[in-house]
Amino acid sequence: MNTAYSPWLVSPNAAPESAAEILSYLIDFAVLAPSSHNTQPWQFRVNGDALEVYADQARRLPVADPTDRQLYISLGAALENIERAAAAIGKSAVVRYVLDGDLAARVTVQTGAYGVADARTAMIARRSTRLPFALDPLAGPLVDGITAAGRGGTAVHLLQERPEVEAVARINADASGRALSDPVFRMELVKWVRNNWTKQPDGMPGFVQNIPGPVSLLAPVIMRKVNIGPDQAKKDYALFAA
């Protein structure tokens, strides 16, 4: 396997002991977090007994994300993975938000109780996909578990009624069509589009959008020269509405 994908080889059953081993182990899970365009806009630095989390300015999306909102949501996802991985080994990750230049947060680890649910296997298995989802309705216990997952002042709301789903699908399709009709947006997006045989660990390979291998090689050229907004809006509506 390409060593660029080595984070996915982290063991969900490991039990690191020393402080250095624990921080390294938490970083392995942090980098598995989702991020906009799979830019992975983070850097980590071990400073004594603390793990510092930095925003990587070289991976900003100034067109798609001019206020860095999505960038910091991505950092939040990495911090969530750190907290979950720490809880799985009987530790408590204490996060202190800093926002000093590129430094976003500082994490220290304390002895704590084991988490209610060990999420390490799920974090390793997680993938982002833009393929259609199954039409089977969610089972009741799963719905209850999802809606009860909100914490820290957040809430989870499931879109299940058809009028509600279709209304959000129209909003999503309109936004997608407008963005992809903008050649400046497409030029930025192309920087993160990968072919199906990529060895790069970041960005979006064609297969996550069901693009055949040969076409994935041409995708950057097509996106630069062709206004794909209207066609993609129709596809996104159908995908979301399903």
Side-chain angles (χ1 to χ4, degrees), residues 1-14 16 21 23-46 51-65 68 70-82 84-85 102 104 119-133 176 179-180 183-226 228 232 235-236 239:
M1 177 179 289
N2 178 10
T3 56
Y5 295 92
S6 60
W8 280 268
L9 300 179
V10 61
S11 171
N13 302 312
E21 289 174 342
L23 293 179
S24 177
Y25 190 65
L26 297 184
I27 292 173
D28 283 339
F29 284 96
V31 300
L32 297 180
S35 57
S36 182
H37 288 5
N38 193 23
T39 54
Q40 302 174 31
W42 42 60
Q43 291 183 337
F44 302 94
R45 176 188 177 194
V46 175
L51 175 59
E52 295 177 340
V53 182
Y54 292 83
D56 187 344
Q57 296 298 327
R59 292 173 173 270
R60 291 185 65 244
L61 297 170
V63 180
D65 184 29
D68 290 337
Q70 295 178 54
L71 184 152
Y72 280 95
I73 289 175
S74 301
L75 295 185
L79 288 167
E80 176 76 11
N81 276 19
I82 288 173
R84 292 296 190 96
D102 294 338
R120 288 178 292 179
T121 298
M123 287 189 280
I124 295 170
R126 186 207 63 79
R127 299 290 188 275
S128 293
T129 177
R130 291 162 178 79
L131 302 181
F133 291 94
S176 177
L180 290 169
V184 179
F185 179 92
R186 295 200 307 273
M187 286 297 292
E188 180 180 77
L189 179 62
V190 162
K191 296 178 182 177
W192 299 97
V193 172
R194 311 286 186 242
N195 64 63
N196 287 5
W197 296 279
T198 182
K199 300 299 183 183
Q200 294 175 257
D202 57 9
M204 300 171 289
F207 56 73
V208 302
Q209 299 190 68
N210 204 28
I211 297 176
V215 178
S216 72
L217 294 170
L218 299 173
V221 176
I222 295 172
M223 293 178 68
R224 286 191 185 97
K225 297 181 177 297
V226 179
I228 62 174
Q232 192 62 44
K235 293 179 180 178
D236 284 354
L239 180 65

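- Side-chain atoms of E188 come within 3.5 Å of backbone N or O of A64 as a donor-acceptor pair.
- Between T198 and P205, the shortest heavy-atom contact is CG2-CB, 4.2 Å.
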*Could you go through the side chain to side chain contact (heavy atoms under 4.5 Å, CB included) check for V10 and L32 one step at a time?*
CA-CA 10 Å; V10 61; L32 297 180; 4.3 Å; yes
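- Annotation: the span from N195 atom CG to L218 atom CG amounts to 10.5 Å, rounded to 0.5 Å.
- With hydrogens and angles disregarded, no donor-acceptor distance shorter than 3.5 Å links the side chain of R224 to the backbone of V190.
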Which donor-acceptor pairs under 3.5 Å do the side chains of residues 71-82 make with protein atoms, sequence neighbours left out?
from: S74; atom 1: OG; to: S36; atom 2: N; distance (Å): 3.4
from: S74; atom 1: OG; to: Q70; atom 2: O; distance (Å): 2.9
from: E80; atom 1: OE1; to: R151; atom 2: NH2; distance (Å): 2.8
from: E80; atom 1: OE2; to: R84; atom 2: NE; distance (Å): 3.3
from: E80; atom 1: OE2; to: R151; atom 2: NH2; distance (Å): 2.8
from: N81; atom 1: ND2; to: F29; atom 2: O; distance (Å): 2.9

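- Panel note: side chain S216, backbone N196; a donor-acceptor pair is recorded below 3.5 Å.
- For the atom pair Q57 CD and D102 CG, the distance stands at 4.5 Å (nearest 0.5 Å).
- Checked against side-chain hydrogen bond (donor to acceptor under 3.5 Å, both in side chains), E52 has the following partners two or more places apart in sequence or in another chain: N47, Y54, R106.
- The distance from the CZ atom of F44 to the CG atom of L26 is 10.0 Å, given to the nearest 0.5 Å.
- Here the shortest heavy-atom pairing between W192 and L61 reads NE1-CD2, 3.5 Å.
- Comment: D65 does not engage R60 in a salt bridge, judged by the lack of any side-chain N to carboxylate O separation of less than 4.0 angstrom.
- Nearest heavy atom pair, residue W197 against residue P214, reads CH2-N, 3.9 Å.
- A distance of 4.5 Å separates CD1 of I27 from CG of L51, quoted to the nearest 0.5 Å.
- From T39, atom OG1 reaches atom NZ of K191 across 12.5 Å, with rounding to the nearest 0.5 Å.
- Atoms CG and CD, on L239 and Q209 in that order, are 9.5 Å from each other to the nearest 0.5 Å.
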*Can you list the steps and then say if R59 with D202 is a side chain to side chain contact (heavy atoms under 4.5 Å, CB included)?*
CA-CA 10 Å; R59 292 173 173 270; D202 57 9; 2.8 Å; yes
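- When every heavy atom of Q232 is checked against every heavy atom of L180, the shortest pair comes out as CG-CD1, 3.3 Å.
- The shortest heavy-atom contact between A85 and M123 is N-CE, 3.9 Å.
- Under a 3.5 Å cut-off, the side chain of R120 and the backbone N or O of S11 do not form any donor-acceptor pair.
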*Stepwise, does the side chain to side chain contact (heavy atoms under 4.5 Å, CB included) test hold for L189 with M204?*
CA-CA 10 Å; L189 179 62; M204 300 171 289; 3.5 Å; yes
*Under the side chain to side chain contact (heavy atoms under 4.5 Å, CB included) criterion, do W42 and V31 qualify, and how do the steps go?*
CA-CA 8 Å; W42 42 60; V31 300; 3.9 Å; yes
